[in-house]
Amino acid sequence: MFPAMFPLATGQPFGALPVMPVQAMTQQATRHARRVYVGGLPPTANEQSVATFFSQVMAAIGGNTAGPGDAVVNVYINHEKKFAFVEMRSVEEASNAMALDGIIFEGAPVKVRRPSDYNPSLAATLGPSQPNPNLNLAAVGLTPGSAGGLEGPDRIFVGGLPYYFTEAQVRELLESFGPLRGFDLVKDRETGNSKGYAFCVYQDLSVTDIACAALNGIKMGDKTLTVRRANQGTNQPKPEQESVLLHAQQQIALQKLMLQPGAVSTKVLCLTQVVSPEELINDEDYEDIMEDMRGEGEKFGTLVNVVIPRPRPNDAAPGVGKVFLEYADIDSATKARAGLNGRKFGGNQVVAVFYPENKFAQGEYDD
């Protein structure tokens, strides 16, 4: 009966414990390096949806290195704390999955990290510990080359960014403190629009706390920046860093002026201090003003549209007192801003600023 219960290898003495297959031993030994931690899951997530999603995105970025089939072999979810452990087939595939940090899963960006039992020195003997630099991250809406450098305690979270900030503008703001090793402005995967937050890591890790202290709490338009280490609370800079901090804050003050809504180049120019609401009531006066504005605007390039909101009876019409000039290209609008800003019209000094194209297109003139 006993031999039937425990099939023995040839020559194995009766009573010895069955030997664990070599493959099972290997799997157990490499599990810490084949699993990734996925945090910030939405409540709707389950084992099957997580496994399917990560298998699909791994295939999409070219991260599968263990042959055909799904990269994910197992998923464990802690629903209460909204995280999962996703087990991959190989150590190399798990390392490639680390490049997926910040990917949008069911409408929410998720964190992808190493699990707490990950042993870097042991993992280094088992396979690559960094993502393949040739992964096609753009295929899943991530910035190529950014996520691989966005691990570790010096990773910075930058929240409260105005949605109209471009990647170049956010990067320029952050690089006031030095070059970046990794940067990712998180975007909506469907629309490509900024979601108002980003992550970065500096090449010189000693400026991490300086950047956080200098940027945190700064007002940008109608937003206030939240800047801190992504995995910790705020840290105060050391005393010897204060002179660097002061210089950085001065740099940020200059950047702030350049990044106000009116400084972001668009095809639409908004003029204020040009007309008063009273001048717009009479139809003939209104048409005269419209022709004057069109004539002035066409001096700088191809003018597509002129909008001058008029007051309405018993209604606070938005944008009254402003003149909007829409050009065919940004270059013309830039020339018009340079030519019109500060000029005198009817004794008033004109203020000319760029206006968000999306708001103008939707007829929102009250910014």
Side-chain angles (χ1 to χ4, degrees), residues 20-120 122-152 155 184 186-187 189-190 199 231:
M20 184 180 291
V22 173
Q23 184 182 8
M25 291 176 66
T26 305
Q27 286 181 335
Q28 186 64 34
T30 61
R31 180 165 287 130
H32 74 98
R34 290 188 296 104
R35 292 194 312 164
V36 297
Y37 165 92
V38 179
L41 291 172
T44 52
N46 58 51
E47 282 84 354
Q48 185 59 51
S49 65
V50 171
T52 301
F53 175 78
F54 276 91
S55 288
Q56 289 175 344
V57 296
M58 283 289 288
I61 65 173
N64 290 0
T65 56
D70 293 337
V72 178
V73 295
N74 189 35
V75 174
Y76 163 78
I77 289 187
N78 183 317
H79 289 283
E80 183 182 352
K81 296 185 178 179
K82 299 178 183 175
F83 73 82
F85 289 116
V86 179
E87 184 178 343
M88 302 291 176
R89 293 179 298 181
S90 70
V91 172
E92 187 174 1
E93 287 178 342
S95 293
N96 286 342
M98 296 307 297
L100 297 171
D101 186 34
I103 194 167
I104 306 297
F105 172 70
E106 294 185 0
V110 294
K111 303 173 185 175
V112 181
R113 305 278 191 279
R114 296 291 190 182
S116 56
D117 65 348
Y118 180 69
N119 184 329
L122 181 57
T125 66
L126 301 173
S129 56
Q130 292 295 320
N132 186 316
N134 298 318
L135 295 175
N136 182 16
L137 297 178
V140 293
L142 293 173
T143 306
S146 66
L150 287 172
E151 283 189 65
R155 181 173 181 259
D184 183 23
V186 180
K187 299 178 180 178
R189 192 164 49 152
E190 293 183 3
F199 296 95
N231 303 322

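Atom CG of residue Leu126 and atom OG of residue Ser95 lie 10.0 Å apart, to the nearest 0.5 angstrom. Summarising the geometry, atom NZ belonging to Lys111 is positioned 7.5 Å from atom CZ belonging to Phe199; distances are rounded to the nearest 0.5 Å. One distance of note links CG of Asp184 with CG of Leu137; it measures 9.0 Å at 0.5 Å rounding.
Residues Met98 and Val36 share a closest heavy-atom pair of SD-CG1, 3.9 Å. Contact record, Asp101 with Val112: OD1-N, 3.0 Å, taken as the closest heavy-atom pair. Residues Ala84 and Leu41 come closest through the heavy atom pair CB-CD1, 3.7 Å. The two residues Val73 and Arg34 have their closest heavy-atom pair at CG2-NH1, 4.4 Å. Heavy atoms only, all atoms of each residue included: Ala33 and Ala94 are closest at O-CB, 3.2 Å. The two atoms that bring Gly39 and Phe83 nearest to each other are CA-CB, 4.1 Å, heavy atoms only.
For Asn74, the side chain to side chain contact (heavy atoms under 4.5 Å, CB included) partners two or more places apart in sequence, or in a different chain, are Glu87. Residues satisfying the salt bridge (Lys or Arg N to Asp or Glu O under 4.0 Å) criterion with Glu92, sequence neighbours excluded, are absent altogether. When the side chain to side chain contact (heavy atoms under 4.5 Å, CB included) test is applied to Thr125, the partners found at least two apart in sequence or on another chain are Leu122. Under the side chain to side chain contact (heavy atoms under 4.5 Å, CB included) criterion, Asn134 pairs with Asn132, sequence neighbours left out.
Put simply, the side chain of Ser55 gets close to the backbone of Ala51: a donor and an acceptor are under 3.5 Å apart.
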Let me have the donor-acceptor pairs involving side chains of residues 63-72, under 3.5 Å, with sequence neighbours excluded, atom names and distances please.
none

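Residue pairs that meet the ring pair (Phe, Tyr, Trp, His ring centres under 6.0 Å) test with at least one member in residues 44-77, sequence neighbours left out, are Phe53-Phe105.
Looking at heavy atoms from C-beta onward, Val38 lies out of side-chain contact with Val50 at the 4.5 angstrom threshold. You'll find the side chain of Asn96 stays beyond 4.5 Å of the side chain of Met88, heavy atoms only. Counting heavy atoms from C-beta outward, Met58 and Leu100 have side chains that approach closer than 4.5 Å.
A salt bridge between Asp117 and Arg35 is present, with a side-chain N of the basic residue lying under 4.0 Å from a carboxylate O of the acidic one.
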Next item on the list: Show your reasoning for whether side-chain contact (heavy atoms from CB on, under 4.5 Å) applies to His32 and Ser116.
Entry: CA-CA 9 Å; His32 74 98; Ser116 56; over 6 Å; no
